[in-house]
Trainee: 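Sending over a structure as structure tokens; questions will come in a sec.
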Amino acid sequence: MEDMHIHLKTGVTDINIMRNYIEKCRELNINKVLFLDHGNRMSPKHIPVLNTPEVIKKFLENIKKVKNEYKDMDIKSGIESDFSYDEEFKEKELKNITESGVDLIIGSVHGMSKAYYKDYLKANLDMLKTYPLNIMGHLKLRKEYEDYKYLIEEIVKVASEKNIIVEINTSDRSRWNLRQLEYMLGLFKKYDTKYTIGSDAHKVEEVGYHVQEMYDKIDKILNNAKRDIEYTIVSRGTEKYGSKGYMGITKEQGGKRNLVLARHYDKYIDTYKDSFEILDKYNIKNVAVSRFELMSAINLDSITNLINEDILIIGFGNVGFSCLIHLLKNGYRNINIFTNNVKDFQKNGLDQINKIFDSSIKFVNEIGKYNTYIEATGNSDVIKNIFEITDDNTTIILLGTPRDESYFINPLDINRKNIKIIGAHELNGHTIEERRKVFKELLEENKNYNFDEFVSIYNYELNIVDKILQNKNNFIEVIKYEI
Ligand SMILES: [Zn+2]
Ligand SMILES: [Zn+2]
């Protein structure tokens, strides 16, 4: 594995620091490296490093020594050169790099983050045409890159003609997303352009950052590997707004799966950004249920001060079910459930819950008067009923997503009765990070109950996945991923 863009900073002249970098590379199975630092800098904010003959001489001496010490490593020396149109600077820097004697020169365009993207790309092109480079550093693909594909293609073409290698930079500053990577690899193939992978580490801890992951992604794309996601979970509440699904789980691999919390339009997920690893036993059945556990958890946790004992949960599907578990876990015991025609599996499920929590939660026959209503059906008539029956000072939590928009809440009702209403869709106000955290807790760290048992309760008489796959009227859709 290679990391062809590592800044040594003071390690340029301090051989012990340089050795630390090498040890770190060996730890990570990196056996080909390009150690470098910046030459002259355009911006006075940045400090030049490899810009005097003395420093460069010392650097090359040290490189020679470590090459001898680490014969199994392919160690290259380099300078990252700053491109500029300023003639005076350019002359100075071109002299610096051509006389340096280092193995490889990376050329990079810096300080144009606020420039028009077109100008930035043109600068890269001009750099390729006028600098004696071996590698083009961190070409950035901004959001609008698709409008400038003709320029990007020109850059790749010119690089190939001039035998300049294009760098695939893996730092957070310049890493291409999957779609961009796929596009660039296509261009590299078209023009027979070579590429290297570089972390652009600025300290020893950053060596190899995202490099292995980049190899994996490139591998998948080049080999046209099968799609990562096996199932995706679509909320019927959000699909209306154009969501194509925002949770999925990957195929099992070596006893593990990845749970993807973000949207995943791409063929391959970015396992290091929008997902985290879960054990294979947390398969789609668990996730389909625990998704609602998650919804309840993240919403109810933020409003527990509004939830008073003497609770009615309306609906005992996935949402009501997981909501009940969450309330029990948080010490609530005075809870009732209303649902139409209680089915056997629901009855059995509740029996088991009562056993595990030593509780006496019961089904009731009608929507009566309670302190807190948790609406988990999304049915407008049910919401209307609650508003009609409720007394003063109650809390109404709308966990279900109404589909039909046929019932409009009368603001006067809210005023007169002093009702507190909270809408609680799972996506509201929660970042991916927050969802990831809650989910992790649910799947891994929650010792209060055996998650598997709860899933098995729900599967007591029906196989959730098969049922859901057959029955698209369910609140959620779990779909086998096919595009
Ligand atoms: Zn740079
Ligand atoms: Zn750099």
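Counting convention: from 1, in listed order, for ligands and their atoms alike.
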Trainee: So for atom NZ, which belongs to K194, do other residues, nucleotides or ligands contribute more than 12 heavy atoms lying within a distance under 6.0 Å?
Mentor: no
Trainee: Would you say that M42 contacts E93 through its side chain, given a criterion of any heavy-atom pair below 4.5 Å between the two side chains?
Mentor: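 Side-chain contact under 4.5 Å: no.
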Trainee: NZ of K420: more than 12 outside heavy atoms within 6.0 angstrom?
Mentor: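 Yes, enclosed.
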Trainee: Rounded to 10°, how big is the angle at the Zn ion (ligand 2) from E80 OE1 to H7 NE2?
Mentor: 90°
Trainee: For the Zn ion (ligand 1), decide whether H110 has an N, O or S atom at a distance under 2.8 Å.
Mentor: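 True for H110.
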Trainee: Give a yes or no on whether H202 keeps an N, O or S atom under 2.8 Å from the Zn ion (ligand 2).
Mentor: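 Short answer: no, not a single N, O or S atom is under the cut-off.
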Trainee: With carbon and hydrogen excluded and only N/O/S kept, which atom of H138 is nearest the Zn ion (ligand 1)?
Mentor: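 Sorting the N, O and S atoms of H138 by distance to the Zn ion (ligand 1) puts NE2 first.
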Trainee: Take a 6.0 Å sphere around CD of E88 and say whether it holds more than 12 heavy atoms from other residues, nucleotides or ligands.
Mentor: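 Result for CD/E88: open.
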Trainee: Below 2.8 Å, can you find an N, O or S atom of H5 next to the Zn ion (ligand 2)?
Mentor: yes
Trainee: Is the shortest heavy-atom distance from the side chain of V109 to the side chain of D82 under 4.5 Å?
Mentor: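 Result no, sub-4.5 Å side-chain heavy-atom pair not found.
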Trainee: Assess D82: does it contribute an N, O or S atom lying under 2.8 Å from the Zn ion (ligand 1)?
Mentor: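 Coordinating: no.
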Trainee: Restricting to N/O/S, name the atom of D200 that gets closest to the Zn ion (ligand 2).
Mentor: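 The D200 atom nearest to the Zn ion (ligand 2), restricting to N, O or S, is OD1.
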Trainee: Is the ring pair F83/Y85 parallel, tilted or perpendicular, if the boundaries are 30 and 60 degrees?
Mentor: perpendicular
